[in-house]
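Reckoned from all heavy atoms, side chains included, excluding hydrogens, waters and symmetry mates.
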Amino acid sequence: MKYPFQGIPPCLYNAFSDTAVGALLAQEDDEGIKYPIYYFSRILRDAELRYPKAEKACLALIHSIQKFRHYLLSNKVVLISKFDPAKFLLSKPVLMGRSAKWILQMSELDITCTSPRAIKGQAVADLLAAFPGEGTTALREDLPGEVPDISVIEEEAWMLYFDGSATPSNNTVGAGVVLVSPIGEIFSHTFKIDFQCTNNSAEYEAFLIGLSLAKQAGATRLEIRGDSKILVNHMNGVYASKEVTLAPYRSEAQRLLNYFADATITHVGRSNNRHADCLATLASKLQFEGLEETLTVKRRTVESTWLSQYKDTGNCDWRNSIIQELSSSLSQGKVSLKTLRSLFILHGMLYHQNPDSSLSRCLGDDEAQLQLNRVHDEICGQMLVVTLYRRLQRLGYYWPEMETQSRLLQKSCSNCQAPPTSWRFSA
């Protein structure tokens, strides 16, 4: 393929079959030899498969015009085809629908239709129609000079949940506000209200605080959710405000809503407003010593017994390799399966399963030595049937050398090796 030359009319070959269309754009050089500039093929889809043959010829030309438009606008175009699409369209008594759009798209080009004389270029176009590509390019319906529709992308809305909690008898009032940004960030706010309020006033206080926070956050579109049916119906104009004390709240809320380009207020059940409800209840129960108090609530996802991989243990701890092997999804081969079959991790702790199915907590070297000495001191010199090893086992301890170390300690201890007093003979 070669790039086109200005001033030489390009030749456009079109072809179609029952399932595809193809086109070839070619141009003659000074020696009269035609060479290709561009080509394309496309399969027909849906309703296009049911077009009559004449309309398929028009469709092939329209695809060619849209595909080769930047080549065709600056030159005259010689359409080499057995069918003259323009003559077919103009022969219709009434131009409507796609026929009218097609003739308008053709009208911006200077196209002259001639019958094919040589077989070379038309053979290539026929071959493209016989072996089409996928043709992901869709047919455009816009007309020459037509201004396309401008799509306006609206800013996503923020979500505002609010709730007020008031118990006038105990003078406990609180407000909870939850703001959710368009990207999913959640901002929780809780306020202790230290003045006399009714339950409806507390709801309005939470509503006004939420609007102020949304304004400070820069929200322009707001979707508001609250479980106060009276407040929501007041703001939506369903209920008339008969309570005199609520009129100032409603006026202030209407003033704040003017800052937002779009704001909708919807009533939701208490079950769908639990986050804000919990914040309001928490604030109402708090007792402040000063003007402000910072409250931090952290999330715990595991139990307190879950130790994070034994942070305090050393690298030489015998448990480390077993924990790594049990925690890994693929076997690393550092520990034999015979050893692993009786060990497992439960709530972050490494346990050993004894032959009687009881569980013993695995101890590190330092703790094992500490417990060994402590239990030995407790039973040393006592006439007991249970050995030191059995005593440690019943206390729920385990380490690989527990039995060996227990026997060696008792064997080296003179008090443990001394016979009972009743066996001794007086001199």
Side-chain angles (χ1 to χ4, degrees), residues 152-286 288 295-297 299:
V152 179
I153 302 175
E154 294 185 352
E155 181 185 354
E156 295 186 18
W158 286 62
M159 299 291 295
L160 170 61
Y161 296 88
F162 70 93
D163 190 40
S165 175
T167 308
S169 58
N170 299 331
N171 194 25
T172 55
V173 186
V177 177
V178 179
L179 268 175
V180 183
S181 71
I183 61 175
E185 291 181 296
I186 300 176
F187 305 94
S188 304
H189 305 272
T190 180
F191 298 88
K192 172 72 174 180
I193 299 176
D194 271 341
F195 52 86
Q196 200 71 26
C197 264
T198 63
N199 193 48
N200 290 335
S201 300
E203 293 282 359
Y204 264 105
E205 284 289 344
F207 180 48
L208 294 175
I209 293 171
L211 292 178
S212 300
L213 292 173
K215 177 186 172 185
Q216 294 174 12
T220 56
R221 299 182 66 244
L222 201 59
E223 294 183 10
I224 307 167
R225 305 286 186 267
D227 56 24
S228 174
K229 195 171 185 179
I230 293 177
L231 186 150
V232 172
N233 287 329
H234 277 177
M235 298 307 302
N236 289 330
V238 179
Y239 291 171
S241 182
K242 296 181 180 180
E243 193 173 346
V244 179
T245 56
L246 298 182
Y249 286 108
R250 184 179 180 182
S251 300
E252 180 63 17
Q254 291 172 341
R255 187 187 68 82
L256 287 173
L257 286 172
N258 291 331
Y259 286 98
F260 302 98
D262 182 26
T264 58
I265 308 173
T266 308
H267 176 261
V268 295
R270 189 174 294 272
S271 60
N272 295 325
N273 199 33
R274 290 178 179 174
H275 193 166
D277 180 59
C278 291
L279 293 174
T281 305
L282 175 64
S284 65
K285 303 299 182 184
L286 290 176
F288 281 76
L295 179 66
T296 303
V297 180
R299 184 180 182 183

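- Here CG of Leu246 is found 5.5 Å from CG of Asn200. Values are rounded to the nearest 0.5 Å.
- The existence of a salt bridge linking Glu252 and Arg250 is excluded, since no basic side-chain nitrogen approaches an acidic carboxylate oxygen closer than 4.0 Å.
- Taking all atoms of both residues into account, the shortest heavy-atom contact from Met235 to Ala253 is CE-CB, 3.7 Å.
- For Lys192 (side chain) and Ser284 (main-chain N/O), a donor-acceptor pair under 3.5 Å exists by modelled atom type.
- Of the inter-residue distances, the one linking Arg274 atom CZ with Thr281 atom OG1 reads 12.5 Å to the nearest 0.5 angstrom.
- Residues Ser188 and His275 come closest through the heavy atom pair OG-NE2, 3.0 Å.
- Within the 3.5 Å criterion, the main-chain N or O of Val232 finds a donor-acceptor partner in the side chain of Asn236.
- Between Phe207 and Phe162, the two ring planes are tilted [angle within 30° to 60°].
- Annotation for Leu257 and Ala263: closest pair CD2-CB, 3.9 Å, computed over non-hydrogen atoms.
- To the nearest 0.5 Å, atom CG of residue Asp277 and atom CG of residue Asp163 are 4.5 Å apart.
- Atom CG of Leu208 is surrounded by more than 12 heavy atoms from other residues, nucleotides or ligands within 6.0 Å.
- The distance from atom OG1 of Thr266 to atom CD of Glu223, rounded to the nearest 0.5 Å, is 7.5 Å.
- Judged purely by distance below 3.5 Å, without hydrogens or angles, the side chains of His234 and Tyr249 never pair a donor atom with an acceptor atom.
- The backbone N or O of Leu279 lies less than 3.5 Å from a partner atom in the side chain of Thr190, making a donor-acceptor pair.
- One distance of note links OG of Ser201 with CD1 of Ile193; it measures 9.5 Å at 0.5 Å rounding.
- When atom types are taken as modelled, the side chain of Asn273 and the backbone of Tyr161 share no donor-acceptor pair closer than 3.5 angstrom.
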